[in-house]
Amino acid sequence: MSIPNVRRLRITNPENGQQATLMTVLPKGTNIDAYIKEASNRFDWKAWGEAQAKQFKVRVGQQKQKKAK
């Protein structure tokens with residue numbers, strides 16, 4: 001079941017140009033451009049970058065598991 005009236009907004013990091021998707025419910029009459037600018041400044045880009053790095057880690061090799069007797 002989805003949330004009604006959810007909008008997906010693309011925000012850009014002002015420092016290095018990374019893009020993230022922000023899902024939000026905005027009240028009627030809200031200035032969307034001002035909201036996007038404020039949200040991109042308040043967004044925790046450091047934590048987002050760390051989460052992205054953890055998500056796409058490459059496994060080098062598998063370890064063999066010893067069978068317990």
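Just so it is clear, the values below take in all heavy atoms, side chains as well, and ignore hydrogens, waters and symmetry mates. Count residues from 1 along the sequence.
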Q) What distance do T12 atom OG1 and F43 atom CZ have between them, rounded to the nearest 0.5 Å? A) 11.0 Å
Q: Determine whether more than 12 heavy atoms belonging to other residues, nucleotides or ligands lie under 6.0 Å from atom CG of N5.
A: no
Q: Please name the pair of heavy atoms, one in Q19 and one in W48, separated by the smallest distance, quoted to 0.1 Å.
A: O-CH2, 3.2 Å
Q | In one Ile/Leu/Val/Met/Phe/Trp/Tyr side-chain cluster, 4.5 Å: V25, M23 | A | yes
Q. Is the number of heavy atoms from other residues, nucleotides or ligands within 6.0 Å of CD (E15) greater than 12?
A. no
Q) Quick one: CG on D33 to CD on E38, what's the gap to the nearest 0.5 Å? A) 13.0 Å
Q: Could you tell me the separation between the OG1 atom of T24 and the CZ atom of R8, rounded to the nearest 0.5 Å?
A: 13.0 Å
**Q.** Nearest-0.5 Å distance, CG of residue L9 to CD1 of residue I32
**A.** 7.0 Å
Q: Mind checking the CD1-CH2 spacing from I11 to W45? Nearest 0.5 Å is all I need.
A: 4.0 Å
